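Labels below follow one simple rule: chain letters A, B, ... track the order of the sequence lines, proteins then strands, and each chain is numbered from 1. The structure presented is a predicted model; accordingly, all values stated were derived computationally and were not measured.
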Amino acid sequence: MKIIITVVGNDKVGIVASVSKQLAERNVNIIDMSQTLMHGSFTMMLMGEFTTDKTSFDTVQKSLTELGQSIGVDIHTQRQELFDAIQKI
Amino acid sequence: METRQIQDTIQMIEEEHLDIRTITMGISLLDCIDGDSKRACQRIYDKITTKAKNLVTVAEEIEREYGVPIVNKRISVTPIALVAAASDTDNYVDFAVTLDKAATDLGIDIIGGFSALVQKGYQSGDRKLINSIPEALKNTSRVCSSINVGSTRAGINMDAVQEVGQIVKKIAAINPQKCMNLVAFCNAVEDNPFMAGAFHGVGEADCVINMGISGPGVVKRALEQVKGESFDVVAETIKKTAFKVTRVGQLVGQIASQRLDVPFGIVDLSLAPTPAPGDSVAEILEEIGLDSVGAPGTTAALAMLNDAVKKGGIMACSHVGGLSGAFIPVSEDAGMIKAVQANNLSIEKLEAMTAVCSVGLDMIAVPGDTTAQTISGILADEAAIGMINNKTTAIRIIPATGKKVGDDINFGGLFGHAPVMKVSESQPTEFVARGGRIPAPIHSFKN
């Protein structure tokens, strides 16, 4: 299953590290990532992939949401098909 | 990974109120017909709660996984006037209470189908159902009712038009807010996912999933980027935006259909506003260049908007259906409310607007002393627009008991509030009293 993770918040040390660590612990492979500062906000997008025998969408989403709360950034996790459906014919 | 496109999509959802307005499961109750009304009600309850057992769970799963809000989870059923006709009772309130209980137990927001189709005449269940509507709505909280009084093929049943005026007044006498649960149609559609008018037509499959999309905020934001450009550019921008919005409906419908193991029916390409700031059809029209909705030019702008939404949406999904057009309810649209309060928008202008979009005079509060005949006259006018133009039209009018023009009536939540609007005091008494049928128009004879 492919997922898109977006991370938005105030820039600080260790955001990329803590998100990628969390993903590694959940057996989610990062297959693409992009990071920028937009209007003063740290914005990162990752495409992750995992197999459902290793973890579940709910587990990954919940752990990332909790991580976001603990480090003070918004983390959204959505299934990737949504973006293809909207943006591609 | 297309980061720009991901950002666009997230912005549409987070900032521009892109959502799925409704996932509506249509359920046929034809196999629940029974001579014993109690047994019929039990079979109805059992069928609805079996078929829709997982509807709310699946909808919530999809919301969570895809990050797209699904605002309403609804059910539509076969018109109860048909289902109850064989039962040994003259009062159909128990059927409404059964629908309400099933909806409550399932966690469904609204259930539609306490309905009668009388465009050409009454079968035995129709009159019983119509007479039961005031008490049925009084005793339920989630049931919606509709009456189809006319069609392009059949003409307009003026007996039913007269009766609707009286029923609306009876409901208003009990509780004016309940009037928002009743809609009277011309050319009602059988696969409409939106309330109050959803019912599951007899030509439909046993059980289907229909989707109603939304997204006025997304269209408005897109139009902000093409200020001053020609209408060619405006229409093209709306088409592209409608395509994206509709794709969400198609995707969610497909997934829901697979997970529920129920066929996917249609996507209704409607721009449905809410009272939330930035989720308004009126604001789109104003973005096109009107000082206020209601200004000269409003009908043309709305016609273009409605057409462009359909053109963009139609390619984005496999089956289009329902009402498919821009909704212009007054109470559910902050821009419409503002225009009425500033005397920029009248019932007469709204009537003209309904000739070019769906669905009709929707969620309009009128003074409490508005007569039943006036309401019937308004319905006849709307039905005539629908009949002649081969489109769906409707009225959902709320006589605000004890209130006069300029007062306000609050419906709560998604339904907003409505300023009481001026209605012509000139009476159509003898016109309404004639009864009978307005014959079908010449262009209905296509065979």
Exercise. State whether the number of non-hydrogen atoms from other residues, nucleotides or ligands found under 6.0 Å of N10(A) atom CG is greater than 12.
Key: no

Pairs table: donor-acceptor atoms between chain A and chain B closer than 3.5 Å:
unit_1 : atom_1 : unit_2  : atom_2 : d
D32(A) : OD2    : M1(B)   : N      : 3.0
D58(A) : OD1    : R64(B)  : NE     : 3.4
D58(A) : OD2    : R64(B)  : NH2    : 3.3
Q61(A) : NE2    : R64(B)  : O      : 2.9
Q78(A) : NE2    : Y66(B)  : O      : 3.0
R79(A) : N      : E65(B)  : O      : 2.8
R79(A) : NE     : Y66(B)  : OH     : 3.2
R79(A) : NH1    : E65(B)  : OE1    : 2.8
E81(A) : OE2    : Y66(B)  : OH     : 3.4
A85(A) : O      : R247(B) : NE     : 2.7
Q87(A) : NE2    : Q5(B)   : O      : 3.2
Q87(A) : NE2    : T9(B)   : OG1    : 2.9
K88(A) : O      : R247(B) : NH2    : 3.0

Quiz item: Which answer fits L251(B), side chain, backbone, both or neither, if we ask what part of it has an atom under 4.5 Å from a heavy atom of chain A?
Solution: side chain

Quiz item: With K54(A), which residues qualify under side-chain hydrogen bond (donor to acceptor under 3.5 Å, both in side chains), at least two apart?
Solution: none

Quiz prompt | Between M33(A), M47(A), M45(A), the one whose heavy-atom pairs under 4.5 Å with chain B are most numerous | solution =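 Of the candidates given, the most pairs with chain B belong to M45(A).
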
Quiz item: Is it the side chain or the backbone of I31(A) that comes within 4.5 Å of chain B heavy atoms, both, or neither?
Solution: neither

Practice problem: Check step by step if side-chain contact (heavy atoms from CB on, under 4.5 Å) holds for I13(B) and L82(A). | Solution: CA-CA 11 Å; I13(B) 297 166; L82(A) 173 75; 4.0 Å; yes

